[in-house]
Amino acid sequence: KATPRVRKLTASLIQHLHDFARENELTVDEWMAGLELMNAAGRMSDDRRNEGQLLCDILGLESLIDEITYKLASEAADEPTATAILGPFWRKDAPLKEMGDSIVSGIDEEGHRTWMHGVVTDFKTGEPIEGAVLDVWHTAPNGLYEQQDPDQPDMNLRGRFTTGKDGTYNFYCLRPVPYPIPYDGPAGKILQALDRHPYRPAHIHFIITAPGYKPIVTQIFDRNSKYIEDDAVFAVKDSLKVDFKPIQKDPKADFDLTHDFKMATY
Ligand code: DHB
Ligand code: FE
């Protein structure tokens with residue numbers, strides 16, 4: 001619908017696109033090459049691949065917009081949990097789980113098994129939040145999300161957990177690995193043209209929602225992961241770096257991971 005905001009954004013986009021063409025004296029051949037890239041991204045943009053989003057992400061656009069939108073969620077300790085980009089691999093309707101459940105289905109990935117736990121609180125009062133839903137997803141140790149990998153069971157490494165009165169959560173997952181974003185398409189072509197690698201540091205995604213609170217779309221990053229300072233899609237923030245601590249006492253886990261989430265009311 002042609003609201004004033006839509007009109008403004010459209011006019012501004014046209015202005016910047018024209019400036020881009022003028023400044024660079026863009027030729028018809030170059031334009032055709034760019035068009036082919038956009039069309040290829042369109043053809044590859046299904047639920048499994050989301051190439052259009054991937055393309056914007058390696059250009060830093062989603063991270064920039066995240067920062068513009070959520071500038072209030074800063075790095076300070078007394079602030080709400082910082083946000084990070086959604087990325088192309090979230091799926092709706094992840095399985096609903098009970099606290100203490102595992103999101104690992106299929107094989108037991110020994111050496112990566114992680115017990116993750118913490119509490120969801122109101123960042124102002126410090127009170128625990130009841131009824132907060134943590135929607136979590138991450139890659140398997142082969143570096144693939146479930147929908148990218150025919151060998152993984154449907155919805156592997158995805159789950160939704162709802163907090164009780166004490167606001168705590170806990171579940172079993174895996175310690176993720178650094179992972180190359182799919183680079184056999186237009187996004188890969190651009191990375192190559194810029195001499196850039198396609199890797200993301202090891203990360204776990206979350207969307208946290210709770211009645212009366214602003215949703216948080218975020219990721220946590222393994223502090224010791226390769227590429228932690230050089231994320232292909234620019235999503236890392238200091239306050240989102242976490243430590244996987246090796247443990248022996250839990251026969252079901254190789255690592256312990258503690259992380260609390262702090263939410264802000266509207
Ligand atoms: C992107 C984000 C991810 O979390 C990921 O695993 C791969 C790619 C992205 O922003 O394009
Ligand atoms: Fe990811």
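Counting from 1, the numbers follow the sequence of the chain as shown. In listed order, ligands and their atoms are each counted from 1.
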H197 versus D230, side-chain donor and acceptor atoms under 3.5 Å: yes

Nearest-neighbour protein heavy atom for atom 8 (C) of ligand 1, which is reported as residue plus atom name and distance: I181 CG2, 3.3 Å

Identity of the nearest option to atom 10 (O) of ligand 1, non-hydrogen atoms only, from T139, D57, L144, L55: D57

Contacting atoms of ligand 1, where contact means under 4.0 angstrom from a heavy atom of Y145: 4 (O), 6 (O)

Numbered atoms and elements of ligand 1 in range of L54, under 4.0 angstrom, heavy atoms: 8 (C), 11 (O)

I204 side, atom CD1; L240 side, atom CG - distance, nearest 0.5 Å: 12.0 Å

Donor on one side chain, acceptor on other, D256 and T258, under 3.5 Å: yes

Protein residue, atom and distance nearest to atom 1 (C) of ligand 1, heavy-atom basis: P88 CD, 3.1 Å

Atom nearest to the Fe ion (ligand 2) - H205, N, O or S atoms considered: NE2

Distance-only polar pair, side chains of E36 and N39, donor-acceptor under 3.5 Å: no

Backbone of V104 reached by a side-chain donor or acceptor of S102 within 3.5 Å: yes

Ligand-residue contact atoms, ligand 1 with V233, heavy atoms, under 4.0 Å: 9 (C), 10 (O), 11 (O)

Interfacing atoms of ligand 1 (cut-off 4.0 Å, heavy-atom, F89): 5 (C), 6 (O), 7 (C)

Backbone or side-chain N or O of H205 under 3.5 Å from ligand 1 N or O: yes

Any side-chain donor near an acceptor of the partner, H117 and Y172, under 3.5 Å: no

T27 side chain to D29 side chain, donor-acceptor N/O pair below 3.5 angstrom: no

Residue pair K241, V236: steps toward the side-chain contact (heavy atoms from CB on, under 4.5 Å) verdict: CA-CA 8 Å; K241 294 177 185 169; V236 180; 3.8 Å; yes

Reference residue I207; test side chain to side chain contact (heavy atoms under 4.5 Å, CB included); the match among V136, L86, I216, L134: L86

Which residue and heavy atom of the protein sit nearest atom 3 (C) of ligand 1, plus the separation: R200 NH1, 3.2 Å

Angle subtended at the Fe ion (ligand 2) by Y145 OH and H203 NE2, rounded to 10 degrees: 100°

Numbering as shown, the atoms of ligand 1 that approach I85 to under 4.0 Å (heavy-atom distance): 10 (O)

Atoms in ligand 1 with a heavy atom of G87 nearer than 4.0 Å: 2 (C), 10 (O)

